[in-house]
Amino acid sequence: MKLEKEKHDRREKKKSRDREEDSELNGKHKPSSKMKQSDSRSGVCSFERTLSVSCEVLSNSSLMFMSSSSAGKCEAGDADTLEDVKVDPDERNDGRQESGSPEINNNSKEKTRSKSSKERHNHKEKSERTADARDSKQEGHRCESEAPVKMKKKRAKDEKSSEKHPSGKKRKKTSSEHEKNKKIKKDGDQEKKKKDEEADKWKWWEEGKSSDTQKWSSLEHKGPYFPPEYEPLPDNICFYYDGQPVKLRPATEEIATFYAKMLDHEYTSKEVFQNNFFSDWKEEMTKEEQKLIKTLSKCDFRQIHKYFVEKSEERKNMTKEEKQVLKEEASRLLEEYGYCLLDRHREKIGNFKLEPPGLFRGRGEHPKMGKLKKRIQPEDVTINCSQDSKIPEPPAGHRWKRVQHDNTVTWLASWLENIHGRPKYIMLNPSSKLKGEKDWQKYETARQLKTKVNSIRKQYRRDWKSREMKSRQRGVAIYFIDKLALRAGNEKDDESADTVGCCSLRVEHITLHRHLDGQEHVVEFDFLGKDSIRYYNKVPVEKQVFKNLKLFIKHKDPEDDLFDRITTVKLNKTLNESMPGLTAKVFRTFNASTTLQDQLNKLTTEDMTVEEKILSYNRANRAVAILCNHQRAAPKTFEKSMQLLQEKIQKKKEQIEEAKKELKEARKAHKDAPSDKSKKLLEKKEKAVQRLSEQLKKLQLQETDREENKVIALGTSKLNYLDPRISVAWCKKHQVPIEKIYNKTQRDKFAWAIDMTDENFQF
DNA sequence: GTGACAACTTAGCAAATACGGA
DNA sequence: TCCGTATTTGCTAAGTTGTCAC
């Protein structure tokens, strides 16, 4: 309620301010006829994040803006009417410094570079999505697939020869050999299965682009898998109220178990969580239960909690056989529900299991945390499949909410979740054609931005000096989106956590510093972004941006919108006019992929070992993760595991010392009394020292990598922002096995890129 | 122009599984 | 083989964007 009122007040204030601000700009603003262009990224940009990462690449990542494409020099600030606003204690004088001349040098360099990159791009463009793509793909595919075939042949030969005794005579098989043979047979079966799967794989990327509106011609599936019904607690396990055991009816008890299972989680200590849970729980109670259970503080779930902890322990301690049974059951489920037939191809489904009931766990300070997520019934589910397909059967005694045959959408089933009343979907796995094609398209749009970005930057620079407030705000917002990879930032309702993106930034989220840490015109950002992850960054911006920001916050309260004249819709509309398909999020993809490409080019040299190259790759990846603010909680065992690793390193060093001593002795012995034996011993000791040194180096690289990765999540950017063709080309060029960069899931998702990319690909 | 809604992508956390050293 | 740790996978929340009705 309070939030709603605040929001309403803000809107009212915004309206009354609108006329005032525009008249101010129109009355006093004198547009300069001498306006020149400047690069948004040419200022020194040092990202001082809360992430304390000691990584050389970090400074590279912050500097990357300096080397990115630029568009000319901007003579800022002659067109404004600005008073000094109380922003920051040291933010008093109206600095008159102009952007420095090095930018001009950058420009000329950039022009040459962008020309060649354009040529490259044109050349590449031709080879994309055409028959040419097929050719280059086949080329790439040969490289990829030859090695495994050779390996398999070798293995098959080895297997064959292992049938025979070294003497050449056949001998009786022992029981352990039987086991071994069984294993070999099993491995062989698996290999055959793998081979079949490989052959079965649909290379949709060879078939040319499909329609944008019609997503499929035929779609058949089994419908969603429903989680098992609730199993009531055994009689000896009780819920206690006010010290007394109480037997709840199963529906009430089930909800109690949701809370009980979470007892050792921080959530249950939060008041909002407790209140939401208790009020939703009460609604599900019978009259009698409601009468008895009045307050959560008298509820005791500890016995139930203990019961589930024990059950979980039991599961962990199951025998191999028991675990195998479970595994088989899971793979049976996957086999039955986990795939669909899309245009006659078997495709993997992403989330075929319906979400089980439980308590809603929002991120950050979510006002709805603890609310009951109800069990989804077949009557809640809409099925989408083709008309002539076998319609999935609802569970016995039930019926579907609806069965539709809409081939303009990609989902197989949907339902409304009860927390926000929003639809949820069952969709295909990222390895599917529908997802893969869209992904490919996404990266192509980002590559297209490369050719347009200079003119877009010129335009937003012009907007910084526009007569219209909304154009200025839009210009600065796009600058932030481009320079800092901020998200668009839609308006949010009051029933979610208070997080923001670019367009929804409020005055309180920035602090302006005329001078800070030896830099000028520094904007300090501090806000909660998606998933309530904190974004903290101090960024030097161009003088005109700084001036505009002062103007935007003038006469505003901290909780007012910084960009009160623009919305994400309007911003995206403008972007779309500059380039069809361009939206705010394309900049994130574009900047992420560009950064990866630049960093890889910079950080990889041919004389590196594979391990060193991988460290370089991770550093490049990390630069992107920092740019996109992909954070993670430090692993709980981080300190401990680092300590172990350091101990290992120490031990290895001692081993090397020891080995060196032995080597010295062997040398002496060989010198004193040379013989074949002493020579062999010497060689052996030399090899030992060498081997240990290599092991030490590997451990040290591991240590650096882990330390630098403490609070940074690499996966998100790898999966969503980095054009996989960059990584594939890099692997091929530098002879790094693709498995070192992408795990199985990632290889499945990026099968299209692995198959079609050759080593010359540049983003 | 705006808001509601639908469809889709992006995101971090935690459980499950794989891996490697004793 | 066991055990502890690292990596992968699954889950689902939380964003963005497009469309439609008013």
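Residue numbers begin at 1 in each chain, while the letters A, B, ... track the order of the sequences.
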Checking all strands, does A:R422 fall into the base, sugar-phosphate, or nothing category for heavy-atom contacts under 4.0 angstrom?
nothing
Base, sugar-phosphate, or nothing: which does A:K585 touch, judged by heavy atoms less than 4.0 Å apart?
sugar-phosphate
Integer-rounded Å distance: B:dT10 P and A:N720 CG:
5 Å
Should we say atom CD of A:E365 is surrounded by more than 12 heavy atoms from elsewhere, each under 6.0 Å from it?
no
Remember a base hit wins even if backbone is also touched, and classify A:G715 as base, sugar-phosphate or nothing at under 4.0 Å, heavy atoms.
nothing
Would you indicate, yes or no, if B:dA11 has its OP1 or OP2 atom less than 4.0 angstrom from a side-chain nitrogen or oxygen of A:Y721?
yes
Assign A:R632 to base, sugar-phosphate, or nothing according to its heavy-atom contacts below 4.0 angstrom with the strands shown.
sugar-phosphate
Does a side-chain N or O from A:T410 land closer than 4.0 Å to OP1 or OP2 of B:dA7, or not?
no
Hey, is the main chain of A:P224 close enough, under 3.5 Å, to the side chain of A:K353 for a donor-acceptor pair?
no
Does A:K327 reach a base, just sugar-phosphate, or nothing at all? Heavy atoms under 4.0 Å.
nothing
Mind checking A:N490 for me? I need base, sugar-phosphate or nothing, with any heavy atom below 4.0 Å counting as a touch.
base
Could you label the plane-to-plane angle of the A:H265 and A:Y267 rings as parallel, tilted or perpendicular, counting under 30° as parallel and over 60° as perpendicular?
parallel
Which sits closer to the 5' end of DNA chain B, A:K570 or A:I533, going by the nucleotide each is nearest to?
A:K570
Please report whether the ring centroid of A:H509 lies less than 6.0 Å from that of A:Y535.
no
Is the phosphate of C:dG15, meaning OP1 or OP2, less than 4.0 Å from a side-chain N or O of A:K492?
yes
Atom-pair distance (CG on A:L722; P on B:dT9), nearest Å:
17 Å
Regarding A:F360, tell me which of base, sugar-phosphate or nothing describes its non-hydrogen contacts under 4.0 Å with the strands shown.
sugar-phosphate
Hey, is the side chain of A:H265 poking within less than 4.0 Å of OP1 or OP2 on B:dA14, counting only N and O atoms?
yes
Using a cut-off of 4.0 Å on non-hydrogen atoms, how would the nucleic acid contact of A:K215 be classed: base, sugar-phosphate, or nothing?
sugar-phosphate
Could you state the OH-C1' distance from A:Y742 to C:dT7, rounded to the nearest angstrom?
17 Å
A:K573 NZ to C:dT17 P, straight-line distance once rounded to whole Å:
16 Å
What is the separation between atom CZ on A:R315 and atom C1' on B:dT17, rounded to the nearest whole Å?
15 Å
Answer with base, sugar-phosphate or nothing: what part of the nucleic acid does A:P356 contact at a heavy-atom distance below 4.0 Å?
sugar-phosphate
Taking A:D439 for the side chain and A:K435 for the main chain, is one N or O donor matched with an acceptor at less than 3.5 Å?
no
Could you state the atom-to-atom distance from CZ of A:R588 to C1' of C:dT16 in whole Å?
11 Å
In whole angstroms, how far is the C1' atom of C:dC11 from the OH atom of A:Y337?
19 Å
Return no unless some side-chain N or O of A:R706 is found under 4.0 Å from OP1 or OP2 of C:dA6.
yes
